[in-house]
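First comes the structure, then the notes that go with it.
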Amino acid sequence: MTEIVRKILSGALVAMGAPLPERIEVEVPKDESMGDLATPLAMSLAKALKRPPRKIAEEIVENIRDRGDFERIEVAGPGFINFTFRRESLYRSFSELLRREEAFFRKDIGKGRKILVEFVSANPTGPLHLGHGRGAALGAALSNLLAAAGFSVTKEYYINDAGRQVSLLGESVFARYQELFGISYPFPEDGYRGDYVLGIARRIKESEEEKNEGGKYKGLNFEFPQSNYFTSYACQQMLSVIKSDLEHFGVTFDVWQSEKELYDKNEVSGAIDYLRQKGFVYEDEGATWFKATLFGDEKDRVLIKSGGQHTYFASDIAYHKKKVDGSFDELIDIWGADHHGYIPRVRAALEALGYEKERLKVLLVQMVSLLRSGKPVQMSKRAGEFVTLREVIEEVGADTTKFVFLTRKADSHLEFDLEVAKAASAENPVYYVQYANARINSIFRNAAEKGFTGGAGINDANLLPLLSEPEETRLIKKILLYPAVFEAAVQAREPHRITYYLQELAGMFHPYYNRHRILTDERELSSARLSLCRGVASVLKDGLRLLGVAAPEKM
RNA sequence: GCGCCUGUAGCUCAGUUGGAUAGAGCAACUGCCUUCUAAGCAGUGGGUCAGGGGUUCGAAUCCCUUCAGGCGCGCCA
């Protein structure tokens, strides 16, 4: 619908010889009586054309040639142009939607452009927590949206399996391992104290026993932080836990990129050398620095510490270099908001490498605070006490968890109340949306029993005019708006817009269902209403699928 | 101290990239199941969009400032 309006508007502007704006705003008016769609176009042109907005609006309206789809096109308020569709036009579009379904919803925005979405990327030093879950839900939904919009999407998880944190994990496991033999080994100061660390130690011990090598590392003195058996074993274990957690959550990745591999393949040193050749690297006080200030960062950043170890930033440069070199047109990184200070330096590095920094878009996901019945759940990462994503999924379910995450825009703080999320009630918006779809499917089952060719198959455009109730017209208009919502969500990279739309659509269907019977004695009316239901269900299913949430046929 | 994010109904949050009279859910009160699923529906009340100033035809939205909360500001990751 919005496309039709945009088209005739740009046609009118051309006819007038007026400049075409980059984007013609089309919106749904506040009040239904104002029409179906409206544009503030004339008002935004007022300054450039140096004429009153209402005059411009009138002129635009006069220049609209093809108005066959509209019952009314009128100028209102300070200069809005309001459009009201003819019913026949709505029915024609709706019939087209039923026929083409997914193809009708989509617009090819990406045109095959390659886009890499990196998300979660939690250190493999412990299980995923709720904040990671939020990033996972967002990344997965965004990837779905982008792929549906014609982008070629790669989903990637960056594994920080090199460096201090993983070796600290290894040493923590090593300490627990020694304890299993009654040997006291000083537990590392910032070590990981969660129960899972002990679990890994036990597993190492058990696997030794199986191989008749019991106590192989008992009492030995390993050099940490150098990588060794304990580090790599623990890391592998944690990674498989993380993978299985994500699988439970219904989130998958195309690429698991290891940081360690970047070192092993000399890509880190390669990236540093590259920057050095360009003159952006210098030595000072025994350390190797990157001239980040040349590219807008606050200060220069260390790549190699005076002790010889690389910083996290060094491998991150190599990683982002690898990504852009992979001929991706756009990179999206989804990070926790606590990393926001890191953006300028990564952007600076990209620019120094010779890429436009606009290629990288960083989406920050704000913190999640976990509540139970309104009271904060105490978590202490240091003591290893925290509620994991896995536990939350098991308690409230993956669909609900995802839906709650996707009901907020990324950069707003989120309160996640376990009891509220668990309640199978109206407080829980995911059920509200799923329930609408389940109800419709229930109607379809009844319809089939009553000998209707089935809601699923019905598409008789001639019957659609029987849908004359105000609720029906409103539903049709709402459904026809879905493609515009989809497009806006993709452009803004904001999946939550889909979530809200689905709630609104369900919020129109339930009252309709309560007020009007779908299956009546009038066969033709019933058929028409089944078609309407199919349109609703089709959109609900599509939207839920994009969000990564199930759309059960029975509840 | 500097930077980023946030501040909208009692609570949790939207607000279509600056548009018309600011929205939803929950909570509160009142009703609706012998007809397609009551995880539903109908109705009622609720606002200084944190405060102030500015930009313009028009601001919850952009700029400045004050206040409040969160997060950053390492040769940590």
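Each chain gets a letter, A, B and so on, in the order its sequence line appears, and its residues count up from 1. What's counted below: heavy atoms across the whole structure, side chains too, no hydrogens, waters or symmetry copies.
Comparing the same atom, C1', in B:G10 and in B:C5 gives a spacing of 25 Å after rounding to whole Å. The C1' atoms of B:A28 and B:G45 are separated by 9 Å, rounded to the nearest whole Å. For the C1' atom pair drawn from B:G46 and B:C29, the interatomic distance equals 13 Å after rounding to whole Å. Using C1' as the reference atom, B:A27 and B:C73 are 41 Å apart when rounded to the nearest Å. Remark: the separation of the C1' atoms in B:G53 and B:A42 is 46 Å, to the nearest Å. For the C1' atom pair drawn from B:C26 and B:A20, the interatomic distance equals 29 Å after rounding to whole Å. Taking atom P in both B:C62 and B:C49, the straight-line distance is 16 Å, to the nearest Å. Rounded to whole Å, the separation between the P atoms of B:A24 and B:C63 comes to 29 Å.
A donor and an acceptor atom, one from each side chain of A:Glu156 and A:Tyr319, are located under 3.5 Å apart. In this structure, a donor-acceptor pair under 3.5 Å is absent between the side chains of A:Ser369 and A:Glu415. For the 3.5 Å distance criterion, the side chains of A:Thr84 and A:Asp36 fail to qualify, holding no donor opposite an acceptor. Using a 3.5 Å distance cut-off with no hydrogens or angles, the side chains of A:His510 and A:Arg439 do pair a donor with an acceptor. Looking only at atom types and distance, the side chain of A:Thr231 has no donor-acceptor partner in the side chain of A:Ser167 under 3.5 Å away. For the residue pair A:Gln366/A:Asp411, the side-chain donor-acceptor check at 3.5 Å is not satisfied. Looking at A:Asn123 and A:Thr125, their side chains never bring a donor and an acceptor atom within 3.5 Å of each other. With 3.5 Å as the limit, one finds a donor-acceptor pair spanning the side chains of A:Tyr192 and A:Gln165.
Base engagement by A:Tyr513 is indicated by at least one non-hydrogen atom pair under 4.0 Å involving a base atom. Using a 4.0 Å heavy-atom distance criterion, A:Pro53 is classed as making no nucleic acid contact. Across all strands, A:His510 comes closer than 4.0 Å only to sugar-phosphate atoms, never to a base (heavy-atom distances). When heavy atoms are screened at a 4.0 angstrom cut-off, A:Glu285 is found touching base atoms of the nucleic acid. A:Tyr435 comes within 4.0 angstrom of a nucleotide base, judged by non-hydrogen atoms across all strands. In this structure, A:Ile304 reaches neither bases nor backbone, as no heavy-atom distance under 4.0 Å exists between it and the strands shown. Using a 4.0 Å heavy-atom cutoff across all strands shown, A:Thr288 reaches no nucleic acid atom at all. Nucleic acid contact class of A:Ala484 (heavy atoms, under 4.0 Å, all strands): none. Contacts of A:Val26 with the nucleic acid, taken as non-hydrogen atoms under 4.0 Å apart, are absent. A:Arg517 comes within contact range of at least one nucleobase, with a heavy-atom separation under 4.0 Å. Residue A:Glu487 is classed as having no contact, given no heavy-atom separation below 4.0 Å to the nucleic acid. Looking at heavy-atom distances under 4.0 Å, A:Ala46 makes no contact with the nucleic acid at all.
When each of B:A20, B:G72, B:A77 is scored by its nearest atom to the side-chain atoms of A:Thr311, the top-ranked nucleotide is B:A77. Checking B:C5, B:G72, B:A14 against every side-chain atom of A:Asp338, the shortest atom distance belongs to B:G72. The side chain of A:Lys299 lies closest to B:C73 when the candidates are B:C73, B:G69, B:G72. Comparing B:A39, B:A77, B:U37 against the side chain of A:Tyr342 picks out B:A77 as the nearest. Taking every side-chain heavy atom of A:Glu25 into account, B:U17 is the closest of B:G72, B:C36, B:U17. Among B:A39, B:A20, B:C41, the nucleotide with an atom closest to any side-chain atom of A:Pro511 is B:C41.
The phosphate of B:G15 (OP1 or OP2) has a side-chain N or O of A:Lys409 nearer than 4.0 angstrom. Checking the phosphate oxygens (OP1, OP2) of B:C41, a side-chain nitrogen or oxygen of A:Tyr432 falls inside 4.0 Å. Of the side-chain N and O atoms in A:Arg439, one or more sit less than 4.0 angstrom from OP1 or OP2 of B:A38. OP1 or OP2 of B:U37 has at least one side-chain nitrogen or oxygen of A:Asn446 nearer than 4.0 Å. At the phosphate of B:G15, neither OP1 nor OP2 sits under 4.0 Å from any side-chain N or O atom of A:Lys30. Side-chain N/O atoms of A:Ser412 include one lying less than 4.0 angstrom from OP1 or OP2 on B:A14. Regarding contacts with the backbone of B:G15, a side-chain N or O of A:His496 is found under 4.0 angstrom from either OP1 or OP2. Between A:Lys422 and B:A39 there is no side-chain polar atom (N or O) within less than 4.0 angstrom of OP1 or OP2.
Ring centroids of A:Phe105 and A:Tyr482 are separated by less than 6.0 Å, placing the two rings close together.
Between the P atom of B:C73 and the OH atom of A:Tyr312 lies a distance of 13 Å, rounded to the nearest Å. The CG atom of A:Asn428 sits 11 Å away from the C1' atom of B:C26 (whole-angstrom rounding). At whole-Å resolution of the value, CD in A:Gln434 and P in B:G40 are 12 Å apart. Rounded to whole angstrom, the span from the NZ atom of A:Lys47 across to the P atom of B:U55 amounts to 12 Å. Computed from coordinates, the A:Gln491 CD to B:U16 P distance equals 15 Å when rounded to whole Å.
A donor-acceptor contact under 3.5 Å links the side chain of A:Asn82 to the base of B:A20. Evaluation of atom-type donor-acceptor distances gives no pair under 3.5 Å for the side chain of A:His339 against the base of B:G72. Donor-acceptor pairing under 3.5 Å, judged by distance alone, is present between the side chain of A:Ser306 and the base of B:C75.
Look at B:C33: its glycosidic torsion is within 90° of 0, and that puts it in the syn range. Glycosidic conformation, B:U17: syn, with the torsion inside 90° of 0.
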